[in-house]
Amino acid sequence: MSEVAAVAGGVIGVVAILLLIGIGVYILRKRFCFSSQYEEFFNQVPPTHTEVIAVDKDSMSLGTHNKDAVMKHVPFIVPPKFRGRDWIGLGNGERIQDDSEPYTAPDFLPRSSFCSLGGAYVVGSINPALYKFPEENEETDFPEGNIGRIWFAVEYELETERLVVSLMKVRNLQFGSDSCNPFVKIHLLPDERRHLQSKTKRKTVNPQFDETFVFQVSGKTVHQRTLRFSIYHVDKIKKHHLLGQVVFPLKNESLTDDENVVIWRDLELENLEPPSEYGNIQFSLSYNDYLGRLTVVLLRAKGLQFLEERGVISSAFVKVSFMNHNKLVKCKKTAAICGTANPVYNETFSFKVEHIGLDTASLSLAVYQNAQGEKSHLLGRVVVGPYMYTRGRELEHWNEMLNKPKDLVKRWHALCINT
């Protein structure tokens, strides 16, 4: 037994020694063979236009090669940490960042609701000197009641089918104090699901953005689209407050000019939706959690498309239907307004619903044209409710109502037939 123990001990000792030797060799090899080495080269002749500075893969030696030489070298890149040193003269307009220049890390991820999905993404900052600005007094000549003004440029690249939107600045934002933290959301309507978003500027009512955004859109449909710029303030609890919007239809715009003309528009708070084919409707929503009551205030409609009937004065009314799980619970309607495609109603309706029931509830507002002795004709409809039933502005309106209990949240909505 003692002999077996001695043999086992000897084997274990040999294995331990070999293991220690292997570890030592690995450490030395890693230290001396795999460390990055940079050599400083002195008294080098600046390269000419026909020379390329390179480093041999095997010998890491500096050499020059003409265009006919076999490319067995890779370009020698000076690491950023050594750029402050006087390496060699630069030619051909090359530029190395000075130590005094701040280095800004690029934003690799676009600030959008779906990142780069759907062909919309943030490019980066722009150079305002490349753009042709209008008259200088545009930053001081604000009309009475102005709530802000935005400057931007739009260009369409035919070859790549890219709509390039350059956001310059916003001025004269109407905010209660200088602690405004504004940012801009950009939608390419009618797509409400995706948007691109600028950086947030801190404590200013005159933010300077100088950012560029890109939407991928076919040349056949680009003139049918509409840009919407929405300016928001973000408060300390990250809640967004709308300060104003601008709607910019691309229908009659020349988007392929090379002048890069900057456009400015005054912000608005009223109906900012592009005119709908079937008209638009404005109403307010409010929910009282204590009373369990959902209130709808029907304000007005505009641009209604009546069916022509000879000798008959057209009239329209709105039917408000409260739904739960897409089943009708209760229905109310306004009085019929005659003789105008822009009727004003100003009627209020209330529906009893517990807070837990709002997750499966929705409201359908349908505009009908009265017909003589016949069934009324549907002119258009809009549905507001939770994510289960709606998207876009209709969903935003519903969520804003929930976030502002007891407040009347007013918005315009576009009417459509297939809702």
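- Counting heavy atoms from C-beta outward, Val320 and Leu298 have side chains that approach closer than 4.5 Å.
- Side-chain atoms of Asn403 come within 3.5 Å of backbone N or O of Asn399 as a donor-acceptor pair.
- Geometrically, Lys332 engages Phe351 in a cation-pi contact, judged by NZ or CZ lying under 6.0 Å from the ring centre and within 45° of the ring axis.
- At a cut-off of 3.5 Å, with distance as the only test, no side-chain donor of His240 or His233 sits close to an acceptor on the other residue.
- Taking a 6.0 Å sphere around NZ of Lys201, one finds it holds more than 12 heavy atoms contributed by other residues, nucleotides or ligands.
- Note: Phe283 and His413 meet the aromatic proximity criterion, with ring centroids under 6.0 Å apart.
- Checking Asp235 against His241 by side-chain atom types alone, a donor-acceptor pair falls below 3.5 Å.
- Geometric assessment of Lys185 against the ring of Tyr232 yields a positive cation-pi assignment under the 6.0 Å and 45° thresholds.
- Under the 3.5 Å distance criterion, with hydrogens and angles disregarded, a donor-acceptor pair is assigned to the side chains of Gln208 and Asp210.
- Of the N and O atoms on the side chains of Gln174 and Asn172, at least one donor lies less than 3.5 Å from an acceptor on the other residue.
- Taking the side chain as every heavy atom from C-beta outward, Asn370 and Ser315 approach each other to under 4.5 Å.
- Taking the ring centre of Phe322 as origin, the terminal cationic atom of Lys330 falls outside the region bounded by 6.0 Å and 45° from the ring axis.
- Ring centroids of Phe229 and Phe152 are separated by less than 6.0 Å, placing the two rings close together.
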Residues 354-368 side chain polar contacts: donor-acceptor under 3.5 Å, at least two apart:
from   : atom 1 : to     : atom 2 : distance (Å)
Thr360 : OG1    : Asn324 : OD1    : 2.9
Thr360 : OG1    : Gly357 : O      : 3.4
Ser364 : OG     : Arg381 : NH1    : 3.3

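- For the atom pair CZ of Phe213 and OG of Ser166, the computed distance is 9.0 Å after rounding to the nearest 0.5 Å.
- Checked against Leu173 for a side-chain contact (heavy atoms from CB on, under 4.5 Å), the options Asn206, Ile147, Leu243 give a single hit: Leu243.
- Side-chain contact between Phe209 and Val170: present, with at least one pair of heavy atoms (C-beta onward) separated by less than 4.5 Å.
- Relative to the ring axis of Trp412, Lys302 places its NZ or CZ within 45° and under 6.0 Å from the centre.
- The shortest side-chain heavy-atom distance between Asp191 and Phe215 does not fall under the 4.5 Å cut-off.
- The structure places CG of Leu299 at 14.0 Å from CZ of Arg411, a figure rounded to the nearest 0.5 Å.
- Between the side chain of Glu400 and the backbone N or O of Val409, no donor-acceptor pair lies under 3.5 Å.
- Neither side chain, Thr221 nor Gln224, offers a donor N or O lying under 3.5 Å from an acceptor on the other.
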